[in-house]
A.B. asks: 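Next up is a structure, given as structure tokens.
Below, all heavy atoms of this structure are taken into account, side chains as well, without hydrogens, waters or symmetry copies. The model shown is predicted, which means the values in this text are computed figures rather than measured ones.
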Amino acid sequence: MEQPEIRTMKTSVLMKRFSPYYKKYLPVLVLDLFCASLTTLCDIALPLIVRNITQLATDNIAALTVAYILRIGLLYLALRVIDAGANYYMAAQGHIMGTWIERDMRGDLFKHLQTLGFAYYSTAKVGQIMSRITNDLFEVTEFAHHCPEEFFIAGIKITVSFLILFGINPTLTVIIFLVLPAMLICTRYFNKKMRQAFQARRHQLGEINAQVEDSLLGIRVVKSFANEPLEIEKFGRGNEDFVRIKRKAYLYMAGFATTTRVFDGLMYIVVVVAGALFLMRGLITTADYIAYLLFVSTLLTSIRRIVEFTEQFQNGMTSIERFCHIMDEQPDIQDAPDAKELTDVRGDVTFSHVSFHYGDDEHFVLNDLNLHVNAGERVALVGPSGGGKTTLCNLIPRFYNLSAGRILIDGKDVTTLTQRSLRENIGMVQQDVYMFSGTVFENIAYGLPGATREQVTHAAELAGADAFIRALPQAYDAFVGERGVMLSGGQKQRISIARVFLKNPPILILDEATSALDNESERLVQQSLEKLSAGRTTFTIAHRLTTIHNATVIWVLTENGVEEQGTHQELMAKGGLYYHLYSMYTEDFTS
């Protein structure tokens, strides 16, 4: 099992990162805390009322009239009405405020995820990310609402109780409150362990999500190999790990709750025994003794609420920490401060001393490459796997930063351009076509958000997709299913080509766009690609070498760089590497 992130931020740091989300809703928060103070006032009032009645009954029973008792009763009834109204606001608007904060954090997280580059997603698990953007942030609603309330209420009750009790008898009050620091010291250990356990639990839940997603997306492979038992076994292991981690978390929670319960009992014992001794010696009155018992009961109720809130608090802290982990990830590709928009593109592309290696891997995929493509030319990239064909094409829209050198479009270094304007002028058709869950219309319109029905239909006609789309049960409004499972490979490919037709970019990258298709689908798609390439600067990564006869220039890429370049006829006449590759391909194709 992959180990969870062990980095644990301090609570103060996490609260500092989280608190700005309250700023937009400060009036709601202030009113919520005001309501919390009203409910606290009602709780504190009862011991004072009982003390007053007991004192009167002891000192002057004649003063305890029916009218007085009714006035006290009406006063307490009014306080309870106020308490009910305040509690309703806290329960309703407080939770709504928490939902707003959850929404804002989820929005910020999703926006940040959109800024992260290919390097991040090469190692990140989508299931883990989904866990953070859904399950983790769900905890924030409860945390955002209850955290300020619970600590505010506890703070008021402890402070007011201390002041009132200190006024009655300072010595007994100090004895009682000396128990609190000892309780805090003992529970700190369990708090730390709970935090670590909750973090591990969150991570393992993300692992389960990732495993489920991996298994369900690959369900056709699973069934084709009859490996359902293997998947069930893998899921079972992850599920058992989750139980083991959660069990540990609950053991720490039980230790925490038991410790606080022991100190609860200890505080009651101190009040009962010490208070009785003070009462016996005449140091406090009977009314004061009863008031002490009631105030301590109120105080311990508040402490129990904090204890019950501890699981929610630790869940919230863990969720915020996991949120911060992603927010702290810096995009590896960022626009320069003075980045300019790329406009009026002709499509002239220059590779100047381009070198590239992935991450910490010191092996250069491309090394000191110098190439030039005139606007409107068709370039085909061929060669053995690992030669850097796809990497070279991914560097043009700046999906990765160069290790050295420059790539220029119309004489402008791509690093001086905004990523958005750069990629808006480059269209890509890939071998592995991704269809978004939705309709055919929505998938084509993705190439130009806001496109009209006429524009989408025209793009489909150009891509040779209109006929089969209209034959679908709901034509352009037909749902394509998860990842386009309702469509064939050739149909998905032509929809992706229609998407690029709609985008209408001056530069085009075709990454083995027909290699996974049958002969008939390849023929139809190839016709669409020929139309799409017309008048555009086109880079074609070719697996089927018979599809690149019309290329302006062919680059043969190997680990040593561009070993050969020229037209099909020139390279065949040369009798070099391309000749051998082409001969091997046509021999395999005809055999």
A.B. asks: Could you pull out all residues at least two apart from Y25 that satisfy side-chain hydrogen bond (donor to acceptor under 3.5 Å, both in side chains)?
C.D. replies: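 Per chain and number, Y25 pairs via side-chain hydrogen bond (donor to acceptor under 3.5 Å, both in side chains) with R103, D104.
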A.B. asks: Minimum heavy-atom separation for Q93 to V28, with atom names?
C.D. replies: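 Reported closest heavy-atom pair: CG-CG1, 3.8 Å.
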A.B. asks: Quick one: list whatever passes ring pair (Phe, Tyr, Trp, His ring centres under 6.0 Å) with H95, sequence neighbours left out.
C.D. replies: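 Residues passing ring pair (Phe, Tyr, Trp, His ring centres under 6.0 Å) with H95: H145, H146.
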A.B. asks: About how many Å separate OG1 of T418 and CZ of R423, when rounded to the nearest 0.5 Å?
C.D. replies: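 R423 atom CZ to T418 atom OG1 measures 9.5 Å (nearest 0.5 Å).
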A.B. asks: Could you tell me which non-hydrogen atom of A451 sits nearest to which non-hydrogen atom of F441, and how far apart they are?
C.D. replies: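 In terms of heavy atoms, the two residues are closest at O-CZ, 3.9 Å.
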A.B. asks: Are E102 and R106 side-chain neighbours, meaning at least one heavy-atom pair lies under 4.5 Å?
C.D. replies: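 The answer is yes; the side chains approach within 4.5 Å.
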A.B. asks: Hey, what do you get for CZ (F143) to CE (M317), rounding to the nearest 0.5 Å?
C.D. replies: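 F143 CZ to M317 CE: 3.5 Å, rounded to 0.5 Å.
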A.B. asks: What is the distance from atom OG1 of T40 to atom CZ of F152, rounded to the nearest 0.5 Å?
C.D. replies: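 The OG1 atom of T40 sits 7.0 Å away from the CZ atom of F152.
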A.B. asks: Side-chain contact test, heavy atoms from C-beta onward, threshold under 4.5 Å: evaluate it for Y21 versus D108 and give yes or no.
C.D. replies: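 A side-chain contact under 4.5 Å exists here.
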A.B. asks: Ignoring hydrogens, what is the shortest heavy-atom contact between L422 and I396? Give both atom names and the distance.
C.D. replies: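 Closest approach of L422 to I396, heavy atoms only: CD2-O, 3.8 Å.
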A.B. asks: Can you tell me how far apart CG (N504) and CD (Q455) are? Round to the nearest 0.5 Å.
C.D. replies: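 These two atoms lie 10.5 Å from each other.
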A.B. asks: Which heavy atom of I426 sits nearest a heavy atom of P397, and at what distance?
C.D. replies: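 Closest pair (atom of I426, atom of P397, distance): CD1-CA, 3.7 Å.
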A.B. asks: Do T39 and E149 have side chains that approach each other closer than 4.5 Å (heavy atoms only, starting at C-beta)?
C.D. replies: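 No, too far: nothing below the 4.5 Å cut-off.
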A.B. asks: For L38 and F34, run side chain to side chain contact (heavy atoms under 4.5 Å, CB included): C-alpha distance rounded to whole Å, both residues' side-chain angles, the deciding distance at 0.1 Å, then the answer.
C.D. replies: CA-CA 6 Å; L38 292 179; F34 175 71; 3.7 Å; yes
A.B. asks: Can you tell me how far CD1 of I96 sits from OH of Y89, rounded to the nearest 0.5 angstrom?
C.D. replies: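 Going from the OH atom of Y89 to the CD1 atom of I96 covers 9.0 Å.
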A.B. asks: Y76 versus I72: any side-chain heavy-atom pair under 4.5 Å?
C.D. replies: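 Sidechains of I72 and Y76: no contact.
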A.B. asks: Over all heavy atoms of both residues, which pair between L116 and Q330 is shortest? Give the atoms and the distance, please.
C.D. replies: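 For L116 and Q330, the tightest heavy-atom pair comes out as CD2-C, 4.0 Å.
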A.B. asks: Heavy-atom distance under 4.5 Å between the side chains of I333 and F399, does that happen here?
C.D. replies: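 Result no, sub-4.5 Å side-chain heavy-atom pair not found.
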A.B. asks: Between V440 and I495, what is the shortest heavy-atom contact and its length?
C.D. replies: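 It is CG1-CD1, 4.0 Å.
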A.B. asks: For E233, what residues pass the salt bridge (charged side-chain N to carboxylate O under 4.0 Å, His left out) criterion, not counting sequence neighbours?
C.D. replies: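 Scan of E233 (salt bridge (charged side-chain N to carboxylate O under 4.0 Å, His left out), adjacent residues dropped) gives R237.
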A.B. asks: Drop me the distance from T457's OG1 to I444's CD1, to the nearest 0.5 angstrom.
C.D. replies: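 Atom-to-atom, T457:OG1 and I444:CD1 are 8.0 Å apart.
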